[in-house]
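Notes follow once the structure below has been shown.
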Number of protein chains: 2
Amino acid sequence: MDTHYLESLLGYNARRAALAVIGVFLQRMEPYGLRPVDFSVLTLIAHNPGVTSRQICTALDILPPNLVGIVKSLQSRGWIVRRPHPTDRRAQGLHLTEAGRLLQSQAQVTATQLENDAASPLTARELDTLKLLLRKVYQR
Amino acid sequence: MDTHYLESLLGYNARRAALAVIGVFLQRMEPYGLRPVDFSVLTLIAHNPGVTSRQICTALDILPPNLVGIVKSLQSRGWIVRRPHPTDRRAQGLHLTEAGRLLQSQAQVTATQLENDAASPLTARELDTLKLLLRKVYQR
DNA sequence: TATTGTTATACTCTATAACTATA
DNA sequence: TATAGTTATAGAGTATAACAATA
């Protein structure tokens, strides 16, 4: 089966690699009930207490209507709370609960460990180079 | 907004980069009515005349029920035909029509050109390195 | 018994329009 | 006028079960 041409395309390789890594992520995060975007949102709140939904949408390139359900789900599981924004009464600041802090730190350890397994054919140096080049592609 | 931790993760970077490149792909391929998987299927048939649905599923990591609609769509647009498989009466060989060959070659030119724009912050050498490392991640 | 291709179907992901409260 | 958050909804992508025909 000749797949040489497809394998010469950046889009094809990026999509295949992303799906492979996300596959490992889904397996390892299944015990936490966290999908990739759930983890990203939880992690942004952990590192940016009081962040708003709109800021998260901009940072992660998510459409606002699609974030609503994610925030609701994290809140219903007792991991985040919404507090009034200090200066803008339209907005709400998002914060982790104590349970949320515990879960996020455990999930972050899992995410960090998962790297090595998902990228096991790469040396540490190759992995760093790969991540650097990927960032160059999507950061403008 | 602190996104440093997320940007240290392979999965996050791979997903963001793949979505960025696919975004450019969708724009450029819109005149042809081809989405990424449509193009991949058409291209595999072009480079492997007589290939079966099952072989395409294996090569592209698509589930058989999800390929049925794609093949039907390509067929209804007059780009591919199914012929009896020479040795296996369960299977059908997929082939491009003359119109399909013309369209695929035009789309392939577009896909090749698109590379440079989607990866414009990278040098040619960096782009080659990136694709090499991505293949290492998903090919086992 | 196993495989190819298919139908039906459910679930998730992504996108658009329109609304409210506030800036 | 513009923005933050929300609802409703439509479309695209992905997954499983089950079937007929053939190996």
Side-chain angles (χ1 to χ4, degrees), chain A residues 1 11-12 15-16 18-20 22-23 25-27 29-30 33-41 44-45 48 50-76 80-95, chain B residues 1 11-12 15-16 18-23 25-27 29-30 33-41 44-45 50-76 80-95:
Chain A
M1 180 69 138
Y12 179 81
R15 181 172 179 273
R16 292 296 302 264
L19 290 175
I22 289 170
F25 185 98
L26 290 173
Q27 285 179 353
M29 290 296 185
E30 204 274 333
L34 290 176
R35 284 157 304 174
V37 180
D38 298 326
F39 174 74
S40 295
V41 171
L44 280 187
I45 300 172
N48 303 273
V51 70
T52 67
S53 287
R54 184 57 59 136
Q55 289 175 307
I56 291 175
C57 285
T58 302
L60 298 180
D61 209 7
I62 298 173
L63 292 170
N66 298 330
L67 184 61
V68 174
I70 295 167
V71 167
K72 274 185 182 166
S73 163
L74 296 175
Q75 188 175 25
S76 73
I80 68 173
V81 289
R82 305 187 223 201
R83 298 195 200 136
H85 192 278
T87 62
D88 187 338
R89 281 191 297 163
R90 294 171 304 182
Q92 302 171 80
L94 301 175
H95 302 263
Chain B
M1 181 69 137
Y12 178 80
R15 181 172 179 274
R16 291 298 300 266
L19 290 174
V21 178
I22 289 169
F25 184 97
L26 290 174
Q27 286 179 354
M29 291 295 183
E30 203 275 332
L34 290 176
R35 285 159 304 174
V37 180
D38 298 326
F39 174 74
S40 295
V41 171
L44 280 187
I45 299 173
V51 69
T52 67
S53 287
R54 184 58 58 136
Q55 288 175 308
I56 291 175
C57 285
T58 301
L60 297 181
D61 210 7
I62 298 173
L63 291 169
N66 298 331
L67 184 62
V68 174
I70 295 166
V71 167
K72 273 185 184 167
S73 164
L74 296 176
Q75 188 175 25
S76 74
I80 67 172
V81 289
R82 304 187 224 201
R83 299 199 200 134
H85 191 279
T87 61
D88 187 339
R89 280 190 298 162
R90 294 171 305 180
Q92 301 171 77
L94 301 175
H95 302 262

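We use all heavy atoms of the structure for the numbers below, so side chains are in, but hydrogens, waters and symmetry mates are not. Bear in mind that the values here come from a model prediction, so they are computed numbers and not experimental data. Here is how names work: the chains are called A, B, and so on, in the same order as the sequence lines, proteins then strands, and each is numbered from 1.
- A straight line from CG of B/Leu26 to P of C/dT14 spans 13 Å, rounded to a whole angstrom.
- In the set C/dT6, D/dG5, C/dG5, the nucleotide with an atom closest to the side chain of A/Ser53 is D/dG5.
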Tabulate protein N/O versus nucleotide N/O from nucleotides 21-23 of chain D, keeping only pairs under 3.5 Å, one per line.
residue, atom, partner, partner atom, Å
D/dA23, OP1, B/Arg89, N, 2.9
D/dA23, OP2, B/Arg89, NH2, 3.3

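- Residue-to-nucleotide proximity on DNA chain C shows that, of B/Gln55 and A/Pro36, the 5′-proximal contact is made by B/Gln55.
- At whole-Å resolution of the value, CD1 in B/Ile62 and C1' in D/dA15 are 14 Å apart.
- Of the two residues near DNA chain D, A/Val71 and A/Arg15, the one whose nearest nucleotide lies more 5' is A/Val71.
- A search for ring-ring contact (aromatic ring centres under 6.0 Å, His included) contacts involving A/Phe25 returns A/Phe39, not counting sequence neighbours.
- For the pair A/Arg16 CZ and D/dT14 P, the interatomic distance rounds to 12 Å; values are reported in whole Å.
- The side chain to side chain contact (heavy atoms under 4.5 Å, CB included) search around B/Arg83 returns B/Val81, B/His95, not counting sequence neighbours.
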When the side chains of residues 55-72 of chain A are checked against the rest of the protein, which donor-acceptor pairs come out under 3.5 Å, sequence neighbours left out?
residue, atom, partner, partner atom, Å
A/Gln55, OE1, A/Thr52, N, 2.9
A/Gln55, OE1, A/Thr52, OG1, 3.4
A/Thr58, OG1, A/Arg54, O, 3.1

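- Separating the CD1 atom in B/Ile80 from the CG atom in B/Leu94 is a distance of 5.0 Å, to the nearest 0.5 Å.
- The CD-P distance, from B/Gln92 to C/dT4, rounds to 13 Å in whole Å.
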Contact list (N/O, under 3.5 angstrom) for nucleotides 7-11 of chain C vs protein:
residue, atom, partner, partner atom, Å
C/dT7, OP2, B/Lys72, NZ, 2.7

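- Taking CE of B/Met29 as the start and CD1 of B/Ile22 as the end, the distance is 12.0 Å to the nearest 0.5 Å.
- Applying the side chain to side chain donor-acceptor pair (under 3.5 Å) test to A/Asp38 and every residue at least two apart in sequence or in another chain returns A/Arg35.
- Atom CD1 in A/Ile70 sits roughly 8 Å away from atom P in C/dC13 (whole-Å rounding).
- Rounded to an integer number of Å, the gap from CG of A/Leu63 to P of D/dA10 is 18 Å.
- Proximity note for A/Thr52 (side chain, C-beta onward) versus D/dT14, C/dG5, D/dG5: the nearest is D/dG5.
- Judged by closest nucleotide on DNA chain D, A/Arg82 is the one of A/Arg82 and A/Leu19 placed further toward the 5' end.
- For the atom pair OG (B/Ser40) and CG (B/Leu34), the distance works out to 10.0 Å, reported to the nearest 0.5 Å.
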Walk me through it: do A/Arg15 and B/Val21 pass the test side chain to side chain contact (heavy atoms under 4.5 Å, CB included)?
-> CA-CA 9 Å; A/Arg15 181 172 179 273; B/Val21 178; over 6 Å; no
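- Counting to the nearest Å, the C1' atom of C/dT12 and the CG atom of A/Asp38 are 12 Å from each other.
- Here the P atom of nucleotide D/dA15 and the CZ atom of A/Arg35 are 14 Å apart, to the nearest Å.
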